[in-house]
Number of protein chains: 2
Amino acid sequence: MAANHVSFRYFVLGLLARQSMSGYDVKRLLKSLSWLIGSPSFGSLYPTLHDLLKDGLTTMEVVPRESKPPRKIYSITQAGRQVLQDWVDQPATPNAPLKAFVMRLILASNFSNAGLIAHLEQRRLQVADHQAALERVASEIDETDLRQYLAIDYALAIANAEMAWLDSTLDQLLVQ
Amino acid sequence: MAANHVSFRYFVLGLLARQSMSGYDVKRLLKSLSWLIGSPSFGSLYPTLHDLLKDGLTTMEVVPRESKPPRKIYSITQAGRQVLQDWVDQPATPNAPLKAFVMRLILASNFSNAGLIAHLEQRRLQVADHQAALERVASEIDETDLRQYLAIDYALAIANAEMAWLDSTLDQLLVQ
DNA sequence: CGAGGCATGTAATACGTTACATGATTTC
DNA sequence: GAAATCATGTAACGTATTACATGCCTCG
């Protein structure tokens, strides 16, 4: 139920776990990371912040400023940290989109090493599946039209790069 | 206005331009390509198909089968091809998500060489921007926590791979 | 004999974007 | 002096997912 909403909610909570900040700050941070995960509009960000507050996962402090609208600084609570930890420790859903993987990757780096490794290994399995599926498709169209092959070739290039990164990163984490 | 919906609509139309098929066939095809673009549910696919038909961009033929529900085969019309061509020839929106790029890449391979090159060059500019943004973020956090650097490193690895693919593919297309 | 694929479709619900509202300050 | 950034928020609207409804066939 509502996996996207839930993960975005927790992702925002995770950003607040690193550092207390205002909604505007969250937006700015998200924008700088927007390439692979996108950046939600204020229309969904502010209500999310209000929900987290209402559920006791954050607290909010109004910081007034002279002749400017006051900033509202959100901080994570103990309850919030617990909920976040539980979420990060959960195994990823089987066919999670790239976006979900990256969001968890950003947060997982704050938590247990074992969880991080599990997360990467889970992703490795998925990427391997995708590679196989892409190669299957490639073998079917290869001979007909080179132009049609472009998109598959692109996807394979990305998948191979991701696989290489996962392998080398897992190596480094396991050696430690 | 509703760029996502519009592009998905046209993307389906583009798949029908390659080959006439049923809604179920479209779903299967989308699933095989689902890695980078996702695969919509029937709840949005069937209404989209109905819309395209209603707007005269496709025709539909009911193919009955003994003791099975009949299949509904959709084919693109001349009007549909025109609309599709116009859409493909449009320059990509400035900050289009990866998904939109891939959808257009899949379709662009069916159309003009010049349009395809323009599409790739447009994307090249965007990826270069992203690389710069990621490196800016990387330089800010580098020294503090190596674990936090992971997600940035991941994104950079993907961006670099995409850049390499774009360069080599553009080379090939321009030589011809 | 149950699970999953084939094949279509609708309705309720949840989600997200766009547009609106307000207003000072900084940058070109 | 216009445009962008800072800073918050709500309401209308569009879009998508999930769940429901139906039913046969095939593979293990």
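Naming: A, B, ... by sequence-line order, numbering from 1 per chain.
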### Task
Assess whether side chain to side chain donor-acceptor pair (under 3.5 Å) is satisfied between Trp165(B) and Asp153(A), documenting all intermediate values.
CA-CA 9 Å; Trp165(B) 183 87; Asp153(A) 190 50; 2.8 Å; yes
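Distance alone, capped at 3.5 Å, is enough to place a donor-acceptor pair between the Thr77(A) side chain and the Leu57(A) backbone. A donor-acceptor pair under 3.5 Å links the side-chain atoms of Thr48(B) to the main chain of Ser44(B), judged by distance alone.
Checking the phosphate oxygens (OP1, OP2) of dA16(D), no side-chain nitrogen or oxygen of Ser44(B) falls inside 4.0 Å.
Taking atom CZ on Arg9(A) and atom P on dA14(C), their separation rounds to 14 Å, with Å as the unit. Rounded to a whole Å, the CG atom of Leu45(A) is 16 Å from the P atom of dC15(C). Between the CG atom of Leu29(B) and the C1' atom of dG5(C) there is a distance of 17 Å, given to the nearest Å. Atom CZ of Phe8(B) and atom C1' of dG14(D) are 15 Å apart (whole Å). Atom OH of Tyr10(B) is separated from atom C1' of dT15(D) by 16 Å (rounded to the nearest Å).
Using a 4.0 Å cut-off between charged side-chain N and carboxylate O, Arg81(A) and Asp86(A) make no salt bridge. Taking the charged nitrogens against the carboxylate oxygens, Asp89(B) and Arg104(B) have no contact shorter than 4.0 Å, which rules out a salt bridge.
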### Query
In B/S/- notation, 5' to 3', how is nucleotides 5-12 of chain D contacted by protein heavy atoms closer than 4.0 Å?
SBBBBB--
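The shortest side-chain heavy-atom distance between Asp55(B) and Arg9(B) falls under the 4.5 Å cut-off.
Ring geometry for Tyr154(B) versus Phe101(A): interplanar angle over 60°, hence perpendicular rather than tilted (30 to 60°).
Over its full length, the helix from dC1(C)-dG28(D) to dC28(C)-dG1(D) turns its helical axis through 60°, comparing axes from the five pairs at each end and rounding to 10°.
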Could you list the donor-acceptor pairs under 3.5 angstrom formed between side-chain atoms of residues 11-22 of chain B and any protein atom two or more places apart in sequence or on another chain?
residue: Arg18(B); atom: NH2; partner: Ile106(B); partner atom: O; Å: 3.2
residue: Ser20(B); atom: OG; partner: Ser75(B); partner atom: OG; Å: 2.8
residue: Ser22(B); atom: OG; partner: Tyr24(B); partner atom: N; Å: 3.4
residue: Ser22(B); atom: OG; partner: Asp25(B); partner atom: N; Å: 3.1
residue: Ser22(B); atom: OG; partner: Asp25(B); partner atom: OD2; Å: 3.1
residue: Ser22(B); atom: OG; partner: Arg71(B); partner atom: NH2; Å: 3.1

